[in-house]
> 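First, the structure itself, so that you have it in front of you.
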Amino acid sequence: MFSSLLLPAHCRPKNRYHSIFFSKKKKDKIVLKTPRMSSSSNLATMKKAVQQLRFEASINRVKVSQAAVDLQQFCLQNALQDPLLTGVSSSTNPFRPQKVCSFL
Amino acid sequence: MGEMEQLRKEAESLKDQITAARKAVQDSTLQEAAAGITVVGRIQMKTRKTLRGHLAKIYAMHWSTDSKLCVSASQDGKLIVWDSVTTNKVNAIPLKSSWVMTCAYAPSGNLVACGGLDNMCSIYNLKGKDGNVKVMRELAAHTGYLSCCRFISDTEIITSSGDCTCILWDIETGTQKTVFAGHQGDCMSLAVAPDFKFFISGACDFTAKLWDIREGTCRQTFGGHESDVNAIGFFPNGNAVITGSDDATCKLFDLRADQELITYQDSSIMCGVTSLAPSLSGRLILAGYDDFNVNIWDMLKAERVGVLAGHDNRVSCIGVSADGMACCTGSWDSFLKIWN
């Protein structure tokens with residue numbers, strides 16, 4: 001049925017399927033256990049992780065005050081063009097066509 | 001000291017460096033910056049349309065860029081393309097596998113895609129010559145379920161999977177262009193930046209990652225959530241990311257400041273966030289929860305300013321149309337609702 005059942009146990013997120021499709025209960029925390037790897041591949045993985053962290057540490061960061069002001073500016077500048085924020089009158093609402101009156 | 005131990009130490013030191021660098025630019029908070037702004041008035045939206053036709057839980061929906069058509073995917077094994085204004089079904093596409101978890105509409109309107117427990121992303125051509133909708137490609141390579149997919153164009157699509165990776169595909173050849181590996185848990189959702197240069201992914205390792213599509217690299221990683229990140233979206237100008245998690249909160253991360261700016265939470269909300277979408281200006285964040293409701297948040301003030309109540313089961317997906325005119329919610333109760 002599910003092709004993923006053919007996966008090795010450590011790759012099979014059993015609880016994930018259950019909770020997504022069948023259950024309303026709070027999911028258990030999924031812990032993906034890494035399989036026993038050779039020491040050389042462990043080393044390679046670790047090297048990659050360190051390389052990635054070096055890269056992420058090196059980026060330029062903008063001050064929070066500046067970032068916050070820019071987000072705010074964007075919101076305010078576009079507020080009037082945001083129909084869900086301003087509300088949509090029935091005459092301009094494509095989902096609420098006005099009843100057409102005809103003169104008899 | 002062994003090489004492994006050395007690397008471990010270096011990793012810890014780099015993590016501390018990143019924390020310090022983030023703190024160094026934390027000269028204020030979003031709350032302080034927005035202190036002078038009034039909270040948005042109560043937002044009251046009504047259901048304008050109900051799209052009826054699916055026979056089982058709806059797992060995903062996506063608007064077409066024309067703001068009229070949308071596609072939905074359901075456990076009944078169908079992809080339905082709807083005209084949201086007339087509520088007519090434009091296409092009802094039967095799927096090979098009914099265990100579908102995601103669907104997407106190409107920006108051109110020519111293609112739709114879906115995938116799920118079959119570990120594949122199936123691309124359908126809506127504009128075939130003889131008028132029939134057929135499978136155009138089946139993109140297979142993931143070793144886990146397909147949780148989300150988004151088109152870059154008619155020739156490229158990005159998928160996220162339970163195998164902890166995301167993949168950029170060449171649709172013409174059906175091959176993988178780039179594999180984005182790095183998450184330590186199932187990737188649950190993805191969103192493409194407005195400029196199509198980056199995408200973000202949320203995963204069960206409680207983090208969100210920003211990826212450079214062309215370089216194939218992860219540029220930034222955002223932690224802070226205490227459980228799986230189920231939903232993710234870009235702030236409309238592409239400079240911030242909004243995440244929704246099983247920890248019952250949504251968070252806003254600024255990409256340029258490289259950190260979390262604010263958390264959207266309330267002590268009365270104790271269930272997970274399943275989906276989210278920002279409004280056109282980004283001022284409102286609409287988030288779907290396990291308790292059948294959608295909460296509307298004032299993005300700057302982190303206050304709840306509205307609720308969309310109308311579904312009889314979990315809200316599994318939400319989307320705001322490109323012109324910002326309406327919000328569409330899809331639910332396990334098998335209905336889609338259009339609100340504004």
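Protein chains get the first letters and strands the later ones, always in sequence-line order, with residue 1 at the start of each.
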> Let me know if B:I338 has heavy atoms under 4.5 Å from chain A in its side chain, its backbone, both or neither.
side chain
> Let me know if A:S58 has heavy atoms under 4.5 Å from chain B in its side chain, its backbone, both or neither.
neither
> CG/B:D27 to CD/A:Q66 distance, rounded to the nearest 0.5 angstrom?
9.5 Å
> Got a second to check how far A:K63's NZ is from B:R256's CZ, nearest 0.5 Å?
13.5 Å
> Is B:A24 close to chain A through its backbone or its side chain, or both, or neither, when contacts mean heavy atoms under 4.5 Å?
backbone
> Using a strict 4.0 Å threshold on nitrogen-to-oxygen distance, state whether B:D258 and A:R61 make a salt bridge.
yes
> Less than 4.5 Å apart, side chain to side chain, heavy atoms only: is that true for A:L71 and B:L252?
yes
> For chain A, which of B:T86, B:T29, B:L30, B:L7 has the most heavy-atom pairs under 4.5 Å?
B:L7
> For residues B:K49 and A:F95, report the shortest heavy-atom separation together with the two atoms involved.
CE-O, 3.4 Å
> Relative to chain B, which segment of A:V88 carries a heavy atom at a distance below 4.5 Å: side chain, backbone, both, or neither?
side chain
> Do B:E3 and A:M46 have side chains that get closer than 4.5 Å, going by heavy atoms?
no
> Side chain, backbone, both or neither: which part of B:Q44 has a heavy atom under 4.5 Å from chain A?
neither
> Does any backbone or side-chain atom of B:L261 lie under 4.5 Å from a heavy atom of chain A? Answer side chain, backbone, both or neither.
side chain
> What part of A:E56 gets within 4.5 angstrom of chain B, counting heavy atoms only: side chain, backbone, both, or neither?
both
> Please check if any side-chain donor atom of A:N93 sits under 3.5 Å from a side-chain acceptor atom of B:N340, or the reverse.
yes
> Can you see which heavy atom on B:A33 is nearest to which on A:A68, and at what distance?
CB-CB, 3.6 Å
> Between B:K46 and chain A, which part of the residue has a heavy atom less than 4.5 Å away: side chain, backbone, both or neither?
neither
> Please identify which of these residues, B:L284, B:L280, B:V305, meets the side chain to side chain contact (heavy atoms under 4.5 Å, CB included) condition with A:L85.
B:L284
> Looking at every heavy atom in both B:L14 and A:A57, which two are closest together, and how far apart are they?
CD2-CB, 4.3 Å
> Could you tell me which portion of B:I37 (side chain, backbone, both or neither) has an atom closer than 4.5 angstrom to a non-hydrogen atom of chain A?
side chain
> Under a 4.5 Å heavy-atom cut-off, does chain A meet the side chain of B:N237, its backbone, both or neither?
both
> Using non-hydrogen atoms only, which part of B:V40 is less than 4.5 Å away from chain A: side chain, backbone, both, or neither?
side chain
> I'd like to check B:L300 versus A:Q72 (side-chain heavy atoms, cut-off strictly below 4.5 Å). Are they in contact?
yes
> Need one label for A:K47: side chain, backbone, both or neither, based on atoms under 4.5 Å from any heavy atom in chain B.
both
> Less than 4.5 Å to any heavy atom of chain A: does that hold for the side chain of B:T221, its backbone, both, or neither?
both
> So which residue, B:A20, B:C327, B:S84, ends up with the most heavy-atom pairs under 4.5 Å with chain A?
B:S84
> Chain B heavy atoms under 4.5 Å from A:A49: which part of the residue, side chain, backbone, both or neither?
neither
> Which heavy atom of B:A326 sits nearest a heavy atom of A:L84, and at what distance?
CA-CD2, 4.1 Å
> B:S67 versus chain A, heavy atoms under 4.5 Å apart: side chain, backbone, both or neither?
backbone
> For B:M45, which atoms come within 4.5 Å of any heavy atom of chain A: side chain, backbone, both, or neither?
side chain
> Using non-hydrogen atoms only, which part of B:D205 is less than 4.5 Å away from chain A: side chain, backbone, both, or neither?
neither
> What part of A:L76 gets closer than 4.5 Å to chain B, counting heavy atoms only: side chain, backbone, both or neither?
side chain
> Please round to the nearest 0.5 Å and tell me the distance separating atom CE of B:M325 and atom OG1 of A:T92.
5.5 Å
> How close do A:S65 and B:S28 get, counting heavy atoms only, and between which atoms?
CB-CB, 3.9 Å
> For residues A:D82 and B:S279, report the shortest heavy-atom separation together with the two atoms involved.
OD2-OG, 2.6 Å
